[in-house]
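A quick write-up on the structure given underneath.
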Amino acid sequence: MGAQTLEQKVDQLHYLLCDIQKNFTPAVFANSLGAEDMVLTDLIAQHYPGIGMFTLDTGRLPQETYDLMQKVKERYGVAIYAYFPDASAVEDYVIQHGPNGFYDSVALRKRCCFLRKVEPLKRALTGKKAWITGMRREQSTTREELELSAYDSDHGLQKFNPLCDWSEKEVWSYIRQNNVPYNALHDRFYPSIGCAPCTRAVTPGEDIRSGRWWWENPESKECGLHTRKTET
């Protein structure tokens, strides 16, 4: 059997999203507003109103990400619900370690990610039957075994990764063909975008995740959102 065309993959995506909306309500899409997530945003906002969308506003996102959030609201007429970190916990972290303490060790960086991302995610997923991400297998070594669907025992619900077998080329082909809005940083060689102080541009040929937490080894480059048994 030959490789699937983009049109075939989009058809499969529609089938999966329709099934999620029908059989896993309430379901939510965790939207980080990266290129992959904009493919899902385009489809969910237009065709699957039963699937909610939220983002994790860490308080340190690039301005370009906020600009894109505004464009989504204007283009599709839908709001992306934002979950924020607990203010007192962030205040304590900054008092103890400084505003940029996450550069000092992997442990402090992961603690910052926990406060700003993992804990808000737990709140966002409370009471839901399924959540959707835009992760792809070829993004990093930590995602090579990514499954299309798997039970998330940490949060007690089903987790779907509809674009897990998509290539970067396919993602951008969809965006171009459908005139989907995307983060302006992508045009400045930022293939993977997170918090502003933990994201930088990469050079052509570098791994697409090399601009995230560039001072760490590839094996530790996850924020804790998609790893099992996260901190409690």
Side-chain angles (χ1 to χ4, degrees), residues 28-37 53-69 80-126 128 131-136 139-143 146 152-156 159 161 183-186 188-202 206-232:
V28 286
F29 165 39
N31 194 343
S32 66
L33 297 147
E36 293 83 4
D37 289 340
M53 282 195 283
F54 72 88
T55 195
L56 303 175
D57 189 338
T58 64
R60 303 204 65 170
L61 299 178
Q63 180 59 43
E64 290 83 355
T65 301
Y66 292 114
D67 292 342
L68 181 55
M69 288 174 66
I80 301 175
Y81 190 92
Y83 284 84
F84 295 86
D86 178 77
S88 61
V90 173
E91 288 168 1
D92 289 344
Y93 179 94
V94 173
I95 289 170
Q96 293 180 47
H97 309 293
N100 294 328
F102 46 82
Y103 289 129
D104 294 339
S105 70
V106 173
L108 283 178
R109 196 274 296 166
K110 288 188 174 182
R111 179 61 183 170
C112 186
C113 286
F114 176 81
L115 296 176
R116 295 181 184 272
K117 294 183 177 182
V118 179
E119 190 280 327
L121 177 70
K122 290 179 183 292
R123 284 187 273 120
L125 298 183
T126 298
K128 306 301 187 295
W131 68 302
I132 301 167
T133 86
M135 293 196 299
R136 296 184 297 109
Q139 285 175 323
S140 69
T141 56
T142 60
R143 299 179 178 181
L146 197 64
D152 180 350
S153 58
D154 281 0
H155 299 102
K159 181 178 181 181
N161 306 297
N183 197 312
L185 288 175
H186 288 310
R188 300 178 216 161
F189 306 104
Y190 284 74
S192 179
I193 303 167
C195 291
C198 297
T199 306
R200 69 174 182 178
V202 303
E206 275 191 286
D207 181 85
I208 62 174
R209 294 275 288 180
S210 61
R212 301 286 297 278
W213 310 299
W214 59 90
W215 62 93
E216 297 181 14
N217 293 323
E219 293 76 16
S220 69
K221 289 188 177 185
E222 288 289 353
C223 60
L225 294 180
H226 306 292
T227 52
R228 296 291 178 86
K229 299 302 178 186
T230 52
E231 183 178 351
T232 57

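Given the structure is predicted, the values throughout are model-derived calculations rather than measurements.
Taking CD of Glu216 as the reference point, atom OG of Ser105 lies at 8.5 Å (rounded to 0.5 Å). Expressed to the nearest 0.5 Å, how far CG of Leu108 lies from CD of Gln96 amounts to 9.5 Å. The CG atom of Leu121 sits 12.5 Å away from the SG atom of Cys113 when rounded to the nearest 0.5 Å. Taken to the nearest 0.5 Å, the CG atom of Leu185 stands 10.0 Å off from the CG atom of Leu68. For the atom pair Tyr93 OH and Phe102 CZ, the distance stands at 7.0 Å (nearest 0.5 Å).
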**Request:** Could you walk me through whether His97 and Asp104 pass side-chain contact (heavy atoms from CB on, under 4.5 Å), step by step?
**Result:** CA-CA 9 Å; His97 309 293; Asp104 294 339; 5.9 Å; no
**Request:** Take Tyr81 and Met53 through the test side-chain contact (heavy atoms from CB on, under 4.5 Å) and record every step on the way to the result.
**Result:** CA-CA 6 Å; Tyr81 190 92; Met53 282 195 283; over 6 Å; no
**Prompt:** Run the side-chain contact (heavy atoms from CB on, under 4.5 Å) check on Leu33 and Leu61 step by step: do they pass?
**Reply:** CA-CA 11 Å; Leu33 297 147; Leu61 299 178; 6.0 Å; no
**Message:** Run Phe54 and Leu125 through side-chain contact (heavy atoms from CB on, under 4.5 Å) and show every step you take.
**Reply:** CA-CA 10 Å; Phe54 72 88; Leu125 298 183; 4.1 Å; yes
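Tyr103 places no side-chain N or O within 3.5 Å of a backbone atom of Cys198 that could act as its donor or acceptor partner. Judged purely by atom type and a 3.5 angstrom limit, Arg116 has no side-chain atom pairing as donor or acceptor with the backbone of Asp86. The closest donor-acceptor contact from the side chain of Thr55 to the backbone of Asn31 lies under 3.5 Å. The closest donor-acceptor contact from the side chain of Thr199 to the backbone of Gly194 lies under 3.5 Å.
Residues Gln63 and Asp67 bring a donor and an acceptor atom of their side chains to less than 3.5 Å of each other. Donor-acceptor pairing under 3.5 Å is recorded for the side chains of Asp37 and Ser32.
Of all heavy-atom pairs between Arg212 and Ser192, the closest is NH1-OG, 2.8 Å. Closest heavy-atom contact between Pro62 and Cys195: CD-C, 4.4 Å. For the pair Ala201 and Arg188, the tightest heavy-atom approach, listed with the atom from each and the gap, is CB-O, 3.6 Å.
Residue Tyr66 qualifies as enclosed at atom OH: its count of foreign heavy atoms under 6.0 Å is above 12.
No side-chain heavy atom of Glu119 sits under 4.5 Å from any side-chain heavy atom of Pro85. With contacts defined as side-chain heavy-atom distances shorter than 4.5 Å, the pair Met135/Lys159 qualifies.
The aromatic ring centres of Tyr190 and His186 sit 6.0 Å or more apart.
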